[in-house]
Each structure stands twice: as C-alpha cells, then as structure tokens.
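To start, the structure itself, in structure tokens.
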Amino acid sequence: MTNYKYDIVIIGSGLGGLTSGAYLAKQGKKVLVLESHNIVGGCATAYKRKNVKFEVGLHELDMAKKNREMKHVIFSKLGLYDRVNLVQLPQTWRIKTESTDLVIPEGYENAINTLEKEFPEEKEGIKKYFAGLSRMMYMIRRVPYDLKFWDYFFFPVTTLPMILYQLFKQKNTGDVLDSIIKSDKLKRILNINITYYHQNPYEFTWYYHACAQGAYYNSAYFIKGGSQNLSNALADIIKENGGEIKVSSEVKKINVKGNIAEGVTYFDKRAKEEVTVNADYVIANAAPQIVYDELLPKGYEDKRLKKLKNSVSLYTVYIIFKKKFSELYPNNAYSTFITTEKTLNTNFKEDAKGQRHIAVEDRNFVFVDYSAIDSGLVEEGDNRSFAVLTGPSFLDEWKDLSDEEYKARKKEMAEKLIDRAEQHYPGFRDNIEYYEVATPKTIKRYIKTPDGTPYGFVQDTYLKKSRCVRVSPTVKNLHFASAWNFPGGGFTGALLSGYLAARNILFPLKPYIVLRFLLCAAVGTAIGTAYQWIPALINLFK
C-alpha cells in the first residue's frame, strides 16, 4: 500500500468529475482522477462496433453562446471551443403518430408560428408558454455563480425573485400547462421529451422544464464525433496542467480522520494492488448513496437522502444502417418522437401515472437519426449511418431475469420497436445491418448508479435539500459533482455541478464575503425599488 499526496482527488470521471478536475488543474491544483472503467466519460462516452462510433448518451446539448449562459462560461474558461466541434441541429424535433406529422422548427418565433397554425384556438396560451420559457431563461442566466462585483448589486433585482419563488411557491410542469393551454394534444407536444428528465409532468418542476426547453428551441447542438470527444478534451486539460487520470482504478473507501476526509484507498485493477492517496479535498463524481453506503465509514450518513426518489432510466437500441438513413428519407428530422394518436389525445392528467403500467415497447420513444447532421460518427466515405431508438424504462423491469431471459427480452423489445418504426419509415428494417440493446441494467453495470438511472434524483425540487447536497454535511472537505447534485440531471447538470464543486474549493464562502454580499444586496434592492417606483411617482405629480 503506497501513499501519495494531492490537493484534490476525484472519484469518477463523468462530466462532473472531469469538469471540476479540468478547472482545478488550470488553477494550479494537483489533481488525481480515479475511474473504475477503462475509459473516461461516464455517460459521455462512445465505443466502436463494425468501425462505427456508437454514441452512448448524447442526443442534444443545449448551448446558448451568450456571456451569461453558464456552459458558455465553462467552455470559454476551459478553452473547450478550440477542442470540440459543435454541430447545430436543424430543427427542435419532430412528432409522428398514425395521422400527425409535425416538425417543430428551430427558434422561438418559428416554433410559435408553427404551433399557432396547428392550434389557432391556442394562440394566447402558446404565447404565454414561450414567454414563460424566455423569462425563466433570462433569470437563470443571471444567477451569479461567480459573484462578480456587479452581481452583488443586481442579484436582488434579476435573480432573487426567481429563487424566492422557487423556494416558496414552486409549480410543476403539469399545473403550468393546465393553466394556460386547453388542448391535451398541445400539452403533450410541448412536453414531448419529458422522458429526458422525468416521467410525470405533475411532479416535474416547471423550473427544470422551462430552462431545458427554453434552450432547446434556440440553441441545440451535437458534439461532432460524439460526447467522448468532450470527455477526452476535459481529460487532456487535466493532464496538460499537471493532473493525473488513472482508469481501471476502483475506489474502495474514503479515508476519514475525525470528521475530515483525508484521501482515498483504491484498487488498481491492472497492477492488482491497493493504493492509498492523501488529499486536502475529495470530490465524489458518484451517486451520494454509494458514497455514504459503500465508501465512508459507518456513522457519517446523510439522512436527507432517504427521502429522495431516483429518476427514470431508459433503454437504447443502437442501430447501424446499411445506407445513410438521410438518403432514404431526405426530409427526416434529427430527433423524431414516435407515439400514437390515442396517446397524444388522451387527457393530459393521465400522464401523472407515468408509463410504468405500459409495456416498455409500447411507450413513447424517440428515433435519433445521426445521419441528419454531420455527426462524425461514421468515417468519411462510409455510406452507412448510425441511429438509436430510446425510451423510458426501469431497472426492476430487467434485473431479475436470467442471462438467457435477459437476452431474449432485449431482442423481443427491439424487434417490436423496429416494427413500430417501420410503420412510419417503410424499409426501416431492411436497411438495418446490425443492432444491439442497452437497458437500465447496462447503465448500472457501467456507471454503477442506483436503479441504473443516468439522471440522478427525481427532478421535482429546486434549491432544496435534494439539490443542495454539493458539500457533505457530515464529512468536511468532501464535495459532490454529478447529475445527482445541484443543479440536476443531464449533461448540463453534470457540467455545472463539476464547475461549482471546483469553485467551492477555490473560493470558499467566508464571513466577510457573506457580509459584503448582504450589504450590496441591500443597496441593489434599494436601487431596484427606486427604479420601479420613481417613474410612477413622477407620473403621479405631472
């Protein structure tokens, strides 16, 4: 057992761990990243079959290239724009049933115009919906993550109202849609991609819905060559700045003295030896439940976690087509959500049941045709293409099957999904060269998340305990950075979580900072009040 000393040791190399590691390494910190798998990336990975890259997780990444958009801030600070190529998606998405074929174009105005033509009686509600998205996007981009000087003053005016609103009067997506839209079909269309985050719109917070949808309508991208390129770029930044990354290295325990994390002990699978490393800080890019139940000594549990639910998981059918699908269907969209007319027109409140009572292969699913863009997943000159069929699923639907039953069930589900796709795209099946299936059981095997979910906790709260578990309440110097922590699931949540974990270490909150913030906030509140009331007083005395 060997001892080494680092400033920060990071458990896991998903986007949260890699982002925090890259930022800390660029700030001169000695960083060690430990990854149990033999490649970095977690859900942001790709692998090859038959000389085609299989994208594991990324369908689309919302990325508004504006100064206040936090992913833009992260990409700029880390120099990621010079390392990855972002390909803008041609439209928001498409929705197909037996009788509906609706393409939602890119851009707010275009989307509004399209929806108003389809639902002329809902014009007012459509405008209110998109105004709500725009308003939420405006406020969230003004959350002062970095607390620059002027943020102290303008925070009370631009952001504090949103935070107070979310803390004390949260609304769920279902209730918001019910309040402004009458058509059940339109509600489902506006909420068609809920399974990217949740399964029940009456639990799913409006804040998350508005932030994600607001970005997708204006600025959705794919990382050319796959999300592995983003993971590799972050890993390169760590190594170029003196950090280390060790794959095939499984952390066995976090070493604690008193109530202070002092490092970790991991098993090097290649050298077949246990190694202990000491560090000033430990960042866990892993589900908090695993950290407390398996890596920490008894007595350090965070009891708040027992009250939280895990989010939905998903299955994916990875497909290689013999010919580019975009050549067979030139007008096909990048993302097509396939459902039924009956489902689309059912009372929207039925969605509160989720889809667990429906057979996996009968649920709504999305067909992502990577050949609709210059994805870089197939080598130049190769006329084949890659696509996926993916939809919601749960670990308990797969975990108790024998190996033979599991293989048979995967094949049965895939064949039924292909049959459904064939109804909309004649020739779909005949163009398949190869396919394979991943389930929540697959996700659990590779990234070890509870219930095999890549999304973390159910996204039904904001700025409450379930999302503020960024710093351990029981172990000092233990931080968290993943989709399980603030601000939530998905690639965006993981990137931001990693960035915030790094800033917590680099710029810890000190009493004088809190005092300065409160004083400036008071001044900002006064300015905001005057700004709102002085014009009214002038008009009164005219």
Side-chain angles (χ1 to χ4, degrees), residues 93 95-100 172-178 181 183-206 208-209 307-317 336-367 388-402 405-421 423-424 437-444 449-461 489:
W93 39 64
I95 298 150
K96 286 177 73 72
T97 72
E98 310 91 321
S99 55
T100 295
N172 63 62
T173 302
D175 285 344
V176 171
L177 290 175
D178 286 343
I181 303 290
S183 166
D184 290 307
K185 184 173 182 177
L186 177 56
K187 290 175 194 175
R188 280 204 171 77
I189 286 170
L190 294 173
N191 196 45
I192 195 69
N193 64 327
I194 186 172
T195 50
Y196 282 170
Y197 326 100
H198 209 294
Q199 61 155 343
N200 179 354
Y202 292 92
E203 290 180 355
F204 184 38
T205 177
W206 166 251
Y208 281 103
H209 172 92
K307 300 176 182 179
L308 306 178
K309 295 185 294 183
N310 300 332
S311 191
V312 64
S313 187
L314 71 160
Y315 66 80
T316 303
V317 182
T336 301
F337 289 86
I338 295 177
T339 182
T340 65
E341 199 64 28
K342 180 181 177 182
T343 299
L344 213 55
N345 285 283
T346 303
N347 188 305
F348 188 64
K349 287 190 180 293
E350 286 290 307
D351 282 7
K353 296 178 182 177
Q355 296 194 47
R356 294 199 68 146
H357 63 290
I358 304 170
V360 181
E361 56 268 28
D362 294 332
R363 296 169 187 165
N364 300 343
F365 68 96
V366 60
F367 168 42
V388 300
L389 307 177
T390 186
S393 187
F394 302 87
L395 182 63
D396 59 16
E397 296 172 325
W398 302 93
K399 68 177 182 179
D400 293 328
L401 303 174
S402 68
E405 289 172 332
Y406 180 56
K407 289 177 185 176
R409 181 69 186 100
K410 286 198 298 182
K411 182 176 177 59
E412 177 189 27
M413 181 194 71
E415 290 294 319
K416 288 181 177 178
L417 288 167
I418 290 167
D419 285 342
R420 288 180 65 188
Q423 294 172 14
H424 298 280
V437 182
T439 71
K441 192 173 178 179
T442 315
I443 296 171
K444 184 172 177 61
T449 56
D451 289 335
T453 175
Y455 300 123
F457 293 119
V458 167
Q459 314 226 25
D460 57 1
T461 56

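It should be emphasised that the depicted structure is a prediction, and the values quoted were computed from it without experimental measurement.
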(request) Looking only at non-hydrogen atoms, find the nearest pair between R188 and N347 and report the distance. (result) NH2-O, 3.2 Å

(request) Considering only NZ, NE, NH1 and NH2 on the basic side and carboxylate oxygens on the acidic side, decide whether E415 and R409 come within less than 4.0 Å. (result) no

(message) Can you confirm whether S183 sits close enough to N345 that some side-chain heavy atom of one is under 4.5 Å from a side-chain heavy atom of the other?
(response) no

(message) Please enumerate all residues that pass ring-ring contact (aromatic ring centres under 6.0 Å, His included) together with F365, with sequence neighbours excluded.
(response) none

(request) Verify, without hydrogens or angle tests, whether T449 (side chain) and K444 (backbone) share a donor-acceptor contact under 3.5 angstrom. (result) no

(request) Could you tell me the separation between the CD1 atom of I192 and the CD1 atom of I95, rounded to the nearest 0.5 Å? (result) 5.0 Å

(message) Under a 3.5 Å cutoff, is there a donor and acceptor pairing between the side chains of T343 and T346?
(response) no

(message) Checking T100 now: which residues fulfil side chain to side chain contact (heavy atoms under 4.5 Å, CB included) with it, not counting sequence neighbours?
(response) T97, L102, K185, E341, L344

(message) Do K410 and T439 make a side-chain contact, defined as non-hydrogen atoms from C-beta onward lying under 4.5 Å apart?
(response) yes

(message) Testing the basics here: between Y202 and N172, what is the closest heavy-atom pair and its distance to 0.1 Å?
(response) O-ND2, 3.2 Å

(message) Return the OG to CG distance between S311 and D451, rounded to the nearest 0.5 Å.
(response) 10.0 Å

(request) Heavy atoms only: give me the nearest F348-G174 pair and the separation to one decimal. (result) CE2-CA, 3.9 Å

(request) Could you tell me whether K309 and E203 make a salt bridge, using a distance below 4.0 angstrom between a side-chain N and a carboxylate O? (result) yes

(request) Decide yes or no for P440 and W398: does some side-chain heavy atom of the first lie under 4.5 Å from some side-chain heavy atom of the second? (result) yes

(request) Before accepting this row, confirm whether a basic side-chain N of the pair D362/K416 lies closer than 4.0 Å to the acidic partner's carboxylate O. (result) no

(message) With rounding to the nearest 0.5 angstrom, report the CG to CG distance, N191 to L186.
(response) 10.5 Å

(message) Would you compute the distance between atom CD1 of I189 and atom CG of D184 and round it to the nearest 0.5 angstrom?
(response) 11.0 Å

(message) Checking T390 against T316 for the side chain to side chain donor-acceptor pair (under 3.5 Å) test, could you report, in this order, the C-alpha distance in whole Å, the side-chain angles of both residues, the deciding distance, and whether it holds?
(response) CA-CA 4 Å; T390 186; T316 303; 3.3 Å; yes

(request) Would you kindly check if the NZ (Lys) or CZ (Arg) of K441 is within the cone defined by 45 degrees around the ring axis of Y406 and under 6.0 Å from the six-membered ring centre? (result) yes

(request) Give the minimum heavy-atom separation between P392 and N364, together with the two atoms involved. (result) CD-O, 3.5 Å

(message) Could you tell me if the side chain of T336 sits less than 4.5 Å from the side chain of V366, heavy atoms only?
(response) no

(request) For D178 and K187, work out which heavy atoms get closest and say how close. (result) OD1-NZ, 2.7 Å

(message) Just verifying a value: how many Å separate S313 OG and Q199 CD, rounded to the nearest 0.5 Å?
(response) 11.5 Å

(message) Under the rule for salt bridge (charged side-chain N to carboxylate O under 4.0 Å, His left out), what residues qualify as partners of D396, not counting sequence neighbours?
(response) R356

(message) Looking at G391, is its backbone amide N or carbonyl O close enough to the side chain of R363 to form a donor-acceptor pair, meaning the two atoms are under 3.5 Å apart?
(response) no

(request) For T339 and R420, work out which heavy atoms get closest and say how close. (result) CA-NH2, 4.2 Å

(request) Using a 4.5 Å cut-off on heavy atoms from C-beta on, say whether the side chain of Y315 contacts that of L417. (result) yes

(request) Rounded to the nearest 0.5 Å, what's the gap from OG1 on T195 to CZ on F204? Could you check? (result) 10.5 Å

